[in-house]
Amino acid sequence: MSNSIAARCCTSPASTTTTTRQIRGVRVPFSHASGVSPTRERRGRRRRRRSSSAIVVLAFSSSTGGKSGKSGNVVGATTSSSTDTTTNSTNNTFKEEEEEEDRAQANNKKDIQQKAHQNDEEEGNKEEEGKEGQACPYSSVKSFFGMEKKEVPDLRPEDGSEPPVIDDISFLKSLVKAAQHPVGMPIAMLDWAEQKGECVGIQNAIGPDCVSILDPEIVEYVCHTNAKNYKLRMLPDAFRFVIKNKGITGSDGQYNREHRLMCQKPFINSFSLTQFSNTVEERINYMCETWRTACTMREEGKINVNIDNDSQLVTLDVIGKVAFAFDFEQCESHAAKLLRDEDIVSDNISQILDSYNGTSEIMGQLFITPGPILKLQYALGIGRVRELKEKYAILESVGTKLITERRETVKERVEEGDFNDYCLLDVLVKATDEDGNLLPDDDLWGDINDVMAAGHRTTASNFTVNLFHVARNPEIQRRIEEEVALLGGRAPTFDDVQEGRLDYTRMVVKESLRKYAPINLFPRLASDEDTLPSGHKVKPGDFILLSSYAMGRNPRVWENPLEFNPDRFTDESLRMQADKQAKASARDDPEKLEIAKERMRRRMAAGRDFTYTPFGAGPRSCIGGVFALLTATTMLATAVQNFKFGKCDDGVHEDPGDEIPIMYDTTICFPEGVWLSMMPREPKLGSELQQSSSSSEAPTQSKEEVPTTR
Ligand code: HEM
């Protein structure tokens, strides 16, 4: 039986006995980090959990070494297409990606280029593995962008000495410090970089040896040049034990590539993106209306809110609809509670939310429990592992019911000639393997669950950080206002972001991601022996520590890294940044310098460098990065269009100063909440313009409801 997946329309009822896919591996740590409206009690639990996440990467790294997904004959897993996704695309992977690249170029859509870069990485790896067994027409595009295979730079110590290493005692001390620090391991990585350099070997007395890397050139080597040796992820045993090796984040090899390609599809398809834009617009405007009404109910005409809480509600609603057309109605529940003191959550939603939050919480508690102990606890019925399994089973069974309903809906739509994908699940229910069998429900649920968990709290935390800075920095707020006013009072859309009408707002989003990376680590495991450009020797099973947080605060790369400065992302700043990186990599060789400058400038302009890594890098990088940027920018513009933000002045919540108190469990958390004040703008920013405006304004997108499964 073949394992290939093709994009075909569903014409027959769901089959759940299709393939015997062998899937190896488990979910990445953030998969179940999705607490909704965390109470103080839950925050307390997160605080206790934190120290474990700092060390888990070392304690368990050996458990997944050497795993890889089963290979089969790929017959074109579904990938990007522009508007018509109904063609039976079996072998059009490269062609469609090439078209996507062209479109991105033509429209100067920088972030879609970044997406194309991810695909590029992926294809690069396929080529390396020789799995496709065919010449890649994409390589000409690659070479045009300077993405052809690069010479490995020589970054060994210039004086001929051995590359820097941390001995085991110093390492254990760092580990203890990291475990006590709310940010965890990235703090140790920054310390090592300061003391020894940006690529440091680590002798680890209690686990495999590690290399900690902050140097963008060596990150490029690991995530791009020789990515095939560093594709494996370390994952806690609890994930594997419970989640049965499904989903994108938990898989490797061919299964992972196929499911990445399938799941990327709606996030780069213009029809689907328009639906998603409508959803984001609708949800954030609903929340704005709730805030507005709450303000009118106060004498002072304004309110103070914990924006961390409300952000999570909006993004859960968004990701539910985007992933599987499910409406969590969090914004409605919030409005009912805030405005009328009513609880209106339906049984169906509470069941899903309870299981979703429950699995997240227990998974956090069992994060570092080794597999054999989990099994023993399960057999003896002690600890919370049974409860975890039960909760995940509930989640899965509700998911399966929704999938069954959606299969019917999509079938009817297809029969009526509507082949569009309104959500990710629509893509998945149409996908078949090369024998024409539909994919089994648990494969589908694995992907949906992954995307929901990966996209929910990450995007919410970014929105929170954006508004924190807007509220305390009048100049940042003024510059966003300026941009938003030009929209003439209509709702901001994804198109506004992609077509450059919200460039400054987008730079604020990017700066928030740099300084407060939603996911702090994206580690890799070496599968084979290798020597890094720094001269460090790597053995199979060695652990490569990569960190978005530490890279985003690397003082060599980012001047005054603690300063929040969105202007780092202007074209001019990026050019200067590129020249700085080129200088470092050319090492005083004038000939190399010119080539390196040219190359770095091109890469930075296209968002394809390895200095800025909030979405990770390489063949396992985030598949939702572009969507997340579009969403966060649209939400921020909408919020500023509707409200004037300021520091919290309720006399209860203290101003934290310019640094937000944070900690990481599986994603970034704000243990004290993030409080700010908001006052409605009357009328909305730019509305006056609309009345007298010319027809040159971009029209408001029509609202097309995303059909739900309920
Ligand atoms: C601001 C928002 C987000 C941030 C900062 C973020 C960050 C990340 C990071 C750091 C990784 C690991 C990458 C690596 O190991 O190289 C990742 C993986 C992933 N992300 Fe995101 N993410 C965000 C939003 C999203 C969204 C909205 C989706 C879904 C639409 C998504 C889906 C995924 C998936 C499926 C993976 C696993 C990829 C794999 O294992 O092959 N993420 N993300």
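Quantities reported herein were computed from a predicted structural model and do not represent experimental measurements. Start at 1 and go down the list; that is how both ligands and their atoms are numbered.
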Notebook entry, point to check: Which is it for Thr249 and ligand 1 at heavy atoms under 4.0 Å: side chain, backbone, both or neither?
Noted result: both
Checklist line | Ala617 N/O under 3.5 Å from ligand 1 N/O | finding: yes
Next item on the list: Decide whether Asn229 and Ser527 meet the rule of one side-chain donor and one side-chain acceptor closer than 3.5 Å.
Entry: yes
Checklist line | Contact with ligand 1 for Asp450, non-hydrogen, under 4.0 angstrom | finding: no
Item checked: Residue-ligand contact Met452/ligand 1, heavy atom below 4.0 Å -> no
Note to self: What I want to know is whether Arg620 and ligand 1 share at least one N or O pair that is separated by under 3.5 angstrom.
What the structure shows: yes
Item checked: Geometric N/O contact Arg524 with ligand 1, under 3.5 angstrom -> yes
Check: Considering only heavy atoms of Pro518, which atoms of ligand 1 have at least one such atom less than 4.0 Å away?
Finding: 5 (C)
Margin query: Regarding Glu659 and Lys515, does a basic nitrogen lie under 4.0 Å from an acidic carboxylate oxygen?
Written below: yes
Next item on the list: Give the contacting part of Leu513 toward ligand 1: side chain, backbone, both or neither, where contact means a heavy-atom distance below 4.0 Å.
Entry: side chain
Checklist line | Mode of Thr631 contact toward ligand 1 - side chain, backbone, both, neither (heavy atoms, under 4.0 Å) | finding: neither
Note to self: Among Thr458, Ile248, Leu521, which one puts a heavy atom closest to atom 24 (C) of ligand 1?
What the structure shows: Thr458
Notebook entry, point to check: Is the shortest distance from a Lys or Arg side-chain nitrogen in Asp252 or Lys231 to a carboxylate oxygen in the other one below 4.0 Å?
Noted result: no
Notebook entry, point to check: Among Val470, Leu467, Val465, whose side-chain contact (heavy atoms from CB on, under 4.5 Å) with Ser512 holds?
Noted result: Val465
Check: Looking at Trp558, does the NZ or CZ of Arg553 lie under 6.0 angstrom from its six-membered ring centre and within 45 degrees of the ring axis?
Finding: no
Notebook entry, point to check: With atoms numbered from 1 as shown, which atoms in ligand 1 lie under 4.0 angstrom from a non-hydrogen atom of Gly616?
Noted result: 10 (C), 13 (C), 14 (C), 16 (O)
Next item on the list: Indicate whether any N or O donor in one side chain lies under 3.5 Å from an N or O acceptor in the other, for Asn226 and Tyr221.
Entry: yes
Next item on the list: Any atoms of ligand 1 less than 4.0 Å from a non-hydrogen atom of Phe627? List them with their elements.
Entry: 27 (C)
Note to self: With a 6.0 Å cut-off on the ring centroids, do Tyr549 and Tyr516 count as close?
What the structure shows: no
Item checked: ligand 1 atoms in contact with Phe267 (distance to a heavy atom under 4.0 Å) -> 30 (C)
Next item on the list: Heavy-atom distances under 4.0 Å are what count here, so tell me which part of Pro614 touches ligand 1: side chain, backbone, both or neither.
Entry: backbone
Margin query: Between Asp528 and Lys228, does any side-chain N to carboxylate O distance fall below 4.0 Å?
Written below: no
Margin query: Can you confirm whether Thr634 sits close enough to Asp496 that some side-chain heavy atom of one is under 4.5 Å from a side-chain heavy atom of the other?
Written below: no
Check: Which residue from Ala628, Ala460, Gly455 reaches closest to atom 26 (C) of ligand 1 through any of its heavy atoms?
Finding: Gly455
Next item on the list: Give yes or no for whether the N/O distance cutoff of 3.5 Å, strictly under, is met between Arg260 and ligand 1.
Entry: yes
Next item on the list: Using a strict 4.0 Å threshold on nitrogen-to-oxygen distance, state whether Asp503 and Lys510 make a salt bridge.
Entry: no
